[in-house]
Chemist: 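Mind having a look at this structure? Questions to follow.
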Amino acid sequence: MVQWKRTHSCGQVDRSLVDQEITLNGWVNRRRDHGGVIFVDLRDRDGLVQIVFNPDLLAQELFALAERLRSEFVLSVTGKVVMRPEGQENKAMKTGEVEVLITDFKVLSEAKTPPFPIDRDVDVDENIRLKYRYLDLRRNDLQECIKLRHKAVSIIRDFLNENGFYEIETPMLTKSTPEGARDYIVPSRVHPGNFYALPQSPQMFKQLLMLAGFERYYQIARCFRDEDLRADRQPEFTQVDIEMSFVDREDIIEIMEKMIIEVFEQCRGVKIPTPIPRMSYQEAMDRFGSDRPDTRFEMELKDVGENLKDSGFKVFSETIKNGGVVRGINAKGCGATFARREIDQLVEMASSWGAKGLIWMVIGETVKSPVAKFLTENEISSIVEALGGEEGDLLLLVADSFEVTSVVLGRLRLFLGNKLGLIDENKLNFLWVVDWPLLEYDEEEKRYVAVHHPFTAPLDSDVDILETEPGKVRAKAYDLVLNGTELGGGSVRISHSELQERMFKVLGFSSEQIQEQFGFLIEAYRYGAPPHAGIAFGLDRIIMLLAGRSTIRDVIAFPKTASATDLMVEAPGNVSPRQLQELNLIIKS
RNA sequence: GGAGCCGUAGUGUAGAUGGUUAACACGCCAGCCUGUCAAGCUGGAGAUCGCGGGUUCGAGUCCCGUCGGUUCCGCCA
């Protein structure tokens, strides 16, 4: 065989090719050797097709060669497409009504037996999968995930290109800035003792591109954050980064909503109702105890403190007097079904999340609760009423600051929603969370820090209290949430250097620090800045949700482990003394 | 930084309360087999039970430490 290049792909072969001679390239997915006839499922990225080695159709030495084929050998095969014999179609296979009778073939590459099955989707230890990632990626599951990622990115690029966005790259070697996550830093050879930082996001550059007059920018941007990992967090990840000039919040929300819906509708084949609902940050915290509420089920948080401020039960009355709240959720029916052990588990979880305690009430013929004896009948019935309690329900109460009650009850709500099967997995509940607080007080640093980032504009109505009541200022910020996961977030940016300087001062920067860290940015805004706003989406998370996976590792071709290593290339690794010397670095111990 | 779970042939698992030769399936190797598609039948090889220490007459099993994977908390503007 001289010519080995394929004329068709495996997954394409169908009845329209019957009687044609075709050439296929691919991997041996599985072989079935009957001693006489040998069946092989040949695999390429488009799918599988059955090829048949029949001793009656093949030269003797070629058939002998066919008998030596094993899993993952790479072949070029030539043969005639035929309909399978009556009754031998394989309905489970896309190409199952045809097969290819091989008349000539070539082994392009032999293969060792793989360390885990590639032809079946069995769970394999992640250690081995990551070490042999290139083999894991051959498996159907991950092939589909990576294919889907490409499709989604294509849709996003097409959408943005059609809407006048320019794709522009920004530096990977940039400068460490004080706010935000821990940076990955890169030593400079030319400037001993100085370091670049890898970007946590292209935030400042995209704003400068607006100042530069490009008006609409996007980038499928790799971002780096040296923080501990999670199932949905990798040290390097990808953002769909977007910025627009001469727009306000409504413009961004409108066009981004269109883009995301297009991605989900095309990739999932569903219809998503528009517009996507909106909720203020405050309402989200009030009702769901979360800034990214999962609205697929109820069990909302309720303030039950109304009639408790004078309660003889000090936990309630003191908390309220000190500016705290008493809030609760109603685990419908769980009073009747939960064992004491299960309730104790909830109490334990609540305390691990920072609650001083979790008060439960089981509604039976009377209300059973460890604190019942401290409460009047009126107080109990007002709590039950506030939570819509009925016989058989389990009420869970936390008395603490608004923040603590939100965290604890919000998490309990999610835990119970999962445990009780209240979540309809087919739902796609999108939600815009708007009017975020601009700043929050950081107890550790003893100063206000930006909730979003320091370039986020305050609501016009709140600008006046920026210095006097920083904690009350709301921001022109918005997050897009899907089923309780943050897909992305953005804001209208501060486009006047005076306001930007005020913002930095509120964050506790001295004039000198502002000049040193952000001087170029303040200066830039003095040369004519268009109003602009932007957003960034977590691409990996979007693909994860599209693919119905539970970790972004499945949608990243070469992900890292929970300890931020790459088990295949064994990164991070040592460098030579010479490299260290060139960089003027000394490793301590 | 903290907590939980996991680690037994190549892969997935079993191995109550410590007991003699560590079991099963798939895969692999060999033989048979001309219509299978998770092909079948017969036979075979393959495990220092993650690693180190301890308790014990005896440890895959109990204890301590350690390494790796994973999940969560902290952290992630």
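As the structure is a computational prediction, the values presented were derived from the model and not from experiment. Per chain, numbering begins at 1; letters A, B, ... match sequence-line order.
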Chemist: For I38(A), answer base if it contacts any base atom (sugar-phosphate contacts may also be present), sugar-phosphate if it contacts only those atoms, and nothing otherwise; contact means non-hydrogen atoms under 4.0 Å.
Modeler: nothing
Chemist: Report yes or no: is the cationic atom of K175(A) (NZ for Lys, CZ for Arg) under 6.0 Å from the centre of the six-membered ring of F520(A), at an angle within 45° of the ring normal?
Modeler: no
Chemist: Taking only side-chain nitrogens and oxygens of R129(A), does any of them come within less than 4.0 Å of OP1 or OP2 of U11(B)?
Modeler: no
Chemist: With nearest nucleotide decided by heavy atoms, which residue, L130(A) or V449(A), maps closer to the 5′ end of RNA chain B?
Modeler: L130(A)
Chemist: Any N or O donor-acceptor pair linking the side chain of R120(A) to the base of G12(B) at under 3.5 Å?
Modeler: no
Chemist: Is there a donor and acceptor pair, one atom on the side chain of E126(A) and one on the base of G7(B), closer than 3.5 Å?
Modeler: no
Chemist: With respect to the side chain of Q88(A), which nucleotide from C75(B), U71(B), G35(B) is positioned closest?
Modeler: G35(B)
Chemist: Does the C76(B) base have a donor-acceptor partner in the side chain of R233(A) within less than 3.5 Å?
Modeler: yes
Chemist: Would you mind reading off the distance between K131(A) atom NZ and G50(B) atom P, rounded to a whole angstrom?
Modeler: 17 Å
Chemist: Return the value, rounded to whole Å, for the distance between atom CZ of R139(A) and atom P of G12(B).
Modeler: 10 Å
Chemist: Syn if the chi torsion is within 90° of 0, anti otherwise; quick check, which is A30(B)?
Modeler: anti
Chemist: Ignoring hydrogens and angles, state whether a donor on the side chain of Q50(A) or R30(A) is under 3.5 Å from an acceptor on the partner side chain.
Modeler: no
Chemist: How is P115(A) classified with respect to the nucleic acid when contacts are heavy atoms under 4.0 Å: base, sugar-phosphate, or nothing?
Modeler: sugar-phosphate
Chemist: Per the atom types in the model, does the base of C37(B) pair as donor or acceptor with the side chain of R84(A) at under 3.5 Å?
Modeler: yes
Chemist: Where the side chain of F116(A) is defined as all heavy atoms beyond and including C-beta, which of U11(B), U70(B), G74(B) is the nearest nucleotide?
Modeler: U11(B)
Chemist: Taking the six-membered ring for Trp, are H34(A) and F39(A) ring centroids under 6.0 Å apart?
Modeler: yes
Chemist: May I have the distance from D228(A) (atom CG) to G1(B) (atom C1'), rounded to whole angstrom?
Modeler: 8 Å
Chemist: OP1 or OP2 of A39(B) less than 4.0 angstrom from a side-chain nitrogen or oxygen of R32(A), does that happen here?
Modeler: yes
Chemist: Rounding to an integer number of Å, can you tell me how far E99(A) CD sits from U34(B) P?
Modeler: 17 Å
Chemist: What nucleotide among U71(B), C33(B), C73(B) has an atom nearest to a side-chain atom of D33(A)?
Modeler: C33(B)
Chemist: Is the closest basic N to carboxylate O distance between R225(A) and E227(A) below 4.0 Å?
Modeler: no
Chemist: For R230(A) and U70(B), is the shortest distance between a side-chain N/O and OP1 or OP2 below 4.0 Å?
Modeler: no
Chemist: Using heavy atoms to find the nearest nucleotide of RNA chain B for R70(A) and F455(A) separately, return the residue whose nucleotide is more 5′.
Modeler: R70(A)
Chemist: Of all the choices, C37(B), U11(B), C28(B), which nucleotide is nearest to the side chain of Q50(A) once you look at every atom?
Modeler: C37(B)
Chemist: To the nearest 0.5 angstrom, please state how far the OG1 atom of T170(A) sits from the CD atom of Q203(A).
Modeler: 10.5 Å
Chemist: Between C1' on G74(B) and CD on E443(A), what's the gap in Å once rounded to a whole number?
Modeler: 16 Å
Chemist: Does a side-chain N or O from S563(A) land closer than 4.0 Å to OP1 or OP2 of G69(B), or not?
Modeler: yes
